[in-house]
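Below: one structure, written as structure tokens.
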Amino acid sequence: MSGIFLKFKRRLNAIRTARSVLVGSSVGLASGGIVLILWKLAVIDLLPISSLYIGLGIALIAGGLTFLFGGKKDKRLAEELDSDFGLKARVQTMVEYMGEEGELLTIQRQDAEAALSKIPLRKYKFRHLWLYVVILALSAAVLAVGFIIDDVRNYVPPEEMIPFELSALQESGLNDLIKYVETSKMEEEFRNPVAEELRTLLQKLKNTHTQPEMLTAVNGSMQVIKNITYEASVTTEIVNALWSSDDIYFKHLAIILDTSDWGEPNNETWGDFAEKLTEYTGVLLGEGKEDDDGLSEGKETLKYAIDTTSRKLKTTLDSSGIPSDDELYSAIDGLYNGSPGGLVSLLSLLDYIDDAGVRESLENCFNINSNLLYDAISLNKINANVGEYAMLRLTALFIVPLPEFERPGEMIISSDKDDNNTTDSDGGIGGGATYAGTDLVLDPITGELVEYGKLLDKYNAIMYEKLENGSYTEEQKEAIKKYFALLYSGIKKEEGN
């Protein structure tokens, strides 16, 4: 074959290789870029490195196919050379009769080679090279877009700065709340810090101008009040310690001291407390039957109850983590170890008195200690009620989520008590007064008395609008929904009684 023709053929193969590289690179860059864009737009769920592997794979396939199908046979190349350079079929004839010999064919071949030798090799060019370069640049641009665009998975919408201005109604409500706390029966060591925190909050809100700042200030104060409220009542810790002891007599005592279903301590709560104490005498005395030896089973049961519980009383109370100088701790200890009036002091008398005397002595012990026990749990309940009311009022005034109350509640025994003693408390705030749906309460917006149920429906609608358009986290939304569910459950409970 003619050496000149072979040079053009090598030129063709070089162009063929360059075309394959350009096509493969263009398709690979575009594919990788598209995969990266789709990943950043969260359309596909692949690792970002996948765009590299996909791009390389598609580039190799596209380049290989382009090279495979981009070649030309000798005859097709000859036709192209004759057409491009006006050689009048010289090259075609030479290629067609390449394997034949003859004088005329030799002359023709020499003529064709002479014509080809006059054509510079560089004139056989890569057709439409500019188009391939443009496509490559566009493909590179697609990949660049994939790197530049923001990842929607990490997109955080800008926080809308909703303006806030303390309204006259909110200021008045806060001042009323401060007066309520200051004049409450909450212990002074807890009352003063709560009132001071509310006064500080009021001053902060007067200089607050955006909704996020208001939320931060109110939530911060509610956290402080929550912590003070937690420290102000130790009933839960002590009652849970008694219940967790697994002693049947301590469990009954825990039920007596449980204030989870109380509102404000009053004559009704005192009567219920006194009735439970009376029932407790029967628990300590057993059934009161006599055995074959003529001994009173009630007397022996009482001996066993006082002896076993008194031995582990201190350990049980200390497990609550409450100091021994606390009022409730001291009152329970006095019930057992007080002199006079302690249950332990009965042990030395039981063998010398009859059944009637045993019951009378036991009732006297409870009579002596009942006021101290009731006053201790009442004071704890008042402390908790004041702190919880302050948080509930802040929630109503500023439509903010009620904080989760970390106290174990009032209390763990609520889920284990029978139907006659069940309390429904789940450890949240709001174990105080329960309203019927038709009770009249003050609407803080209009200043008029309206039915509690209607007011709650009104705030419920406001709440859902705030949840849709506000900047609350998912945890805050869930807490708000739970709070309103708790309020509605209170209405249902009251209506069902």
**Message:** Between K303 and D351 (salt bridge meaning N to carboxylate O under 4.0 Å), is one present in this structure?
**Reply:** yes
Rounded to the nearest 0.5 angstrom, the CZ-CG distance for F164 and L205 is 5.0 Å
### Task
Using the salt bridge (Lys or Arg N to Asp or Glu O under 4.0 Å) rule, take E182 and K179 through it: C-alpha gap first, then chi angles, then the decisive distance, then the call.
CA-CA 5 Å; E182 289 177 334; K179 291 178 182 178; over 6 Å; no
* Asked: Is any NZ, NE, NH1 or NH2 atom of the basic residue among K312 and D247 found under 4.0 Å from an Asp or Glu carboxylate oxygen of the other?
  -> yes
Can we call the ring centroids of W270 and Y374 under 6.0 Å apart? yes
Residues E213, K204: salt bridge by 4.0 Å N-O rule
no
For N267, I'd like to know if atom CG has over 12 heavy atoms of other residues, nucleotides or ligands within 6.0 Å. no
Applying side chain to side chain donor-acceptor pair (under 3.5 Å) to N337 and not counting sequence neighbours gives D333
- Using the ring of W262 (Phe, Tyr or Trp, six-membered ring only), decide whether K381 places NZ or CZ under 6.0 Å from its centre and within 45 degrees of its axis. no
| task | In plain terms, say whether D318 and K314 are close enough for a salt bridge, that is, a side-chain N and a carboxylate O under 4.0 Å apart. | result | yes
Taken in chain and number order and not counting sequence neighbours, the residues that satisfy side chain to side chain donor-acceptor pair (under 3.5 Å) with T278 are none
Output for pair (I225 CD1, L394 CG), nearest 0.5 Å, gives 5.5 Å
Identify whether the distance between the nearest side-chain nitrogen and carboxylate oxygen of K276 and E279 falls below 4.0 Å. no
Answer yes if the ring centres of Y249 and Y280 are under 6.0 angstrom apart, and no otherwise. no
Salt bridge or not between E231 and K226? Use side-chain N to carboxylate O under 4.0 Å. no
